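Read through the structure below, which is laid out as structure tokens, and then see the notes.
Just so you know, these numbers come straight off a predicted model, no measurement behind them.
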Amino acid sequence: ASERPRGRVRKLHVEVSRDPTALVTGVIHTIGGLDLQRMLARPIAVKFHGEPASGPGVTREFLRLATQGVVDARFPLAGHRTCCSTPATSSAAPEAAEAAEARWAGASSSSAAPPPDAGDAGQGRGETIWECDPELRTYWFRAAGPPPEPMALRALGALIGFSALSRSLLPIAFPPVFFELLLRGLGPRWPRSGISVTCSRAPPRVFGLADMAAVCPAMARSLERLLEYDEDDVAELFTLDWPRADELRRDNRAHYVHEYLQWYFTERYVDQMGPLVDGFRAVVGGSMLLRSMVDPPQL
């Protein structure tokens, strides 16, 4: 990565490998590393090593390949809770997990020297941080708890920021609530602004079953069944994996589900959203245009 002389627009110039493993692991350890975060607040211009082509088309190809590769990268996730575990009843069980991982092999950078190895690398071991819902074909976090590789999440946040600046389409889809959370995380930390992105145009966000349905339809249907079940043994038949699981009673079902949804979207994935927001902020945090105009539907 290098910086051009000062001018009207200073792009971040990066040369990357065409090899898929080298590309993905290089991106994770450079763009996702902390050393380059201060350099990312600008559009990116990419060239592939050994190829003469450059320009917006090459940058968009890089963003497409890098984003898909980072999402598909595998890491050890042993002991983590799956994200879309439905309330345990006689007919509902947690969904199984799948996965994928990456090794370093190099996006070149004059400012940061990535480690020679990304950890327990291998194409057949580990699990992805993300999972794709088969009904929606959208991606959401596979598990709660501390992420196995925060650099991968920071890299993805930065890639989303670069895609927004270059008006590139992402190769994968996230539910709208994902982008709401991304912008919500930026809110109070926008430079030179004391206004939260989520509060500047509307009252504080209240999450509902429609948001859950956009993330995990199976969980949304289970919560609907919980709301409809009007018997005294509701707490025995429906158990949710969260800190207030023992508070469910027949007479507080609606309040219980409401509180669970707020916790699910604001607290359960705070460890994942933190690095994502950091990477996204590093790219777009100083943009007056994005601060005033970008909203979840536009993203």
Side-chain angles (χ1 to χ4, degrees), residues 77 79-97 129-147 173-188 195-274 276-277 295-297:
L77 285 176
H80 285 62
R81 296 175 295 169
T82 57
C83 77
C84 195
S85 298
T86 55
T89 69
S90 57
S91 59
E95 295 185 354
I129 295 176
W130 305 89
E131 66 180 350
C132 182
D133 186 274
E135 293 185 50
L136 303 173
R137 297 186 179 181
T138 58
Y139 284 79
W140 189 253
F141 305 110
R142 179 177 296 279
F174 296 101
V177 69
F178 171 82
F179 296 105
E180 290 197 43
L181 294 174
L182 197 61
L183 292 175
R184 177 177 178 153
L186 289 177
I195 302 175
S196 168
V197 170
T198 53
C199 297
S200 60
R201 303 178 188 174
R205 178 75 155 86
V206 176
F207 299 96
L209 280 176
D211 297 306
M212 181 62 76
V215 169
C216 181
M219 170 63 86
R221 288 192 293 267
S222 294
L223 293 175
E224 287 179 345
R225 288 196 293 268
L226 189 161
L227 290 171
E228 294 168 357
Y229 190 80
D230 189 18
E231 301 294 340
D232 291 332
D233 61 349
V234 61
E236 300 174 14
L237 295 179
F238 295 89
T239 58
L240 291 173
D241 183 14
W242 73 306
R244 297 169 60 182
D246 60 348
E247 296 182 14
L248 176 59
R249 300 186 307 275
R250 178 182 179 181
D251 61 355
N252 74 342
R253 302 190 310 279
H255 177 73
Y256 182 87
V257 169
H258 170 83
E259 292 298 308
Y260 174 79
L261 290 169
Q262 309 321 303
W263 170 83
Y264 185 93
F265 286 111
T266 62
E267 297 184 37
R268 182 165 190 175
Y269 299 105
V270 66
D271 291 331
Q272 284 75 14
M273 288 306 304
L276 274 165
V277 170
D295 56 20

Quiz item: Which atom pair, heavy atoms only, marks the closest approach of D230 to R253?
Solution: OD1-NH1, 3.2 Å
Practice problem: Return yes if some donor-acceptor pair links the side-chain N/O of D133 with the main-chain N/O of W140 below 3.5 Å, else return no. | Solution: no
Quiz prompt | Where L223 and M212 come nearest, the two heavy atoms and their spacing | solution = CD1-CG, 4.4 Å
Practice problem: Supply the atom-to-atom distance E224 CD to R221 CZ, rounded to the nearest 0.5 angstrom. | Solution: 8.5 Å
Self-check item: Ring geometry between F178 and W130 (parallel below 30°, tilted from 30 to 60°, perpendicular above 60°)
Solution: perpendicular
Practice problem: Show the numbers, then the answer: is there a side chain to side chain contact (heavy atoms under 4.5 Å, CB included) between L276 and L181? | Solution: CA-CA 10 Å; L276 274 165; L181 294 174; over 6 Å; no
Exercise. Provide the closest heavy-atom pair for L261 versus L209 in the form atom of the first, atom of the second, distance.
Key: CD1-N, 3.6 Å
Quiz item: Could you go step by step and tell me if D211 and R205 meet the side chain to side chain contact (heavy atoms under 4.5 Å, CB included) rule?
Solution: CA-CA 11 Å; D211 297 306; R205 178 75 155 86; 2.7 Å; yes
Exercise. Check step by step if ring pair (Phe, Tyr, Trp, His ring centres under 6.0 Å) holds for F207 and Y264.
Key: CA-CA 9 Å; F207 299 96; Y264 185 93; 9.6 Å; no
Quiz item: Shortest non-hydrogen contact from A214 to P175?
Solution: O-CB, 3.2 Å
Practice problem: Report the distance from atom CD of E228 to atom CG of L226, rounding to the nearest 0.5 Å. | Solution: 9.5 Å
Quiz item: Do V234 and R249 come close enough that some side-chain heavy atom pair is under 4.5 Å?
Solution: no
Exercise. Return yes if some donor-acceptor pair links the side-chain N/O of E131 with the main-chain N/O of A143 below 3.5 Å, else return no.
Key: no
Quiz item: What are the two closest non-hydrogen atoms of S222 and F238, and how far apart are they?
Solution: O-CE2, 4.1 Å
Quiz item: With a 4.5 Å heavy-atom cut-off, do L240 and L248 have their side chains touching?
Solution: no
Self-check item: Flag side-chain contact, heavy atom, 4.5 Å: E259 against W242
Solution: yes
Self-check item: Stepwise side chain to side chain contact (heavy atoms under 4.5 Å, CB included) check, Y260 with R268
Solution: CA-CA 10 Å; Y260 174 79; R268 182 165 190 175; 3.7 Å; yes
Quiz item: For the atom pair CG (L237) and CG (D232), what is the distance rounded to the nearest 0.5 Å?
Solution: 11.0 Å
Quiz prompt | Minimum-distance pair of heavy atoms, taken over all atoms of T239 and A235 | solution = CG2-O, 3.7 Å
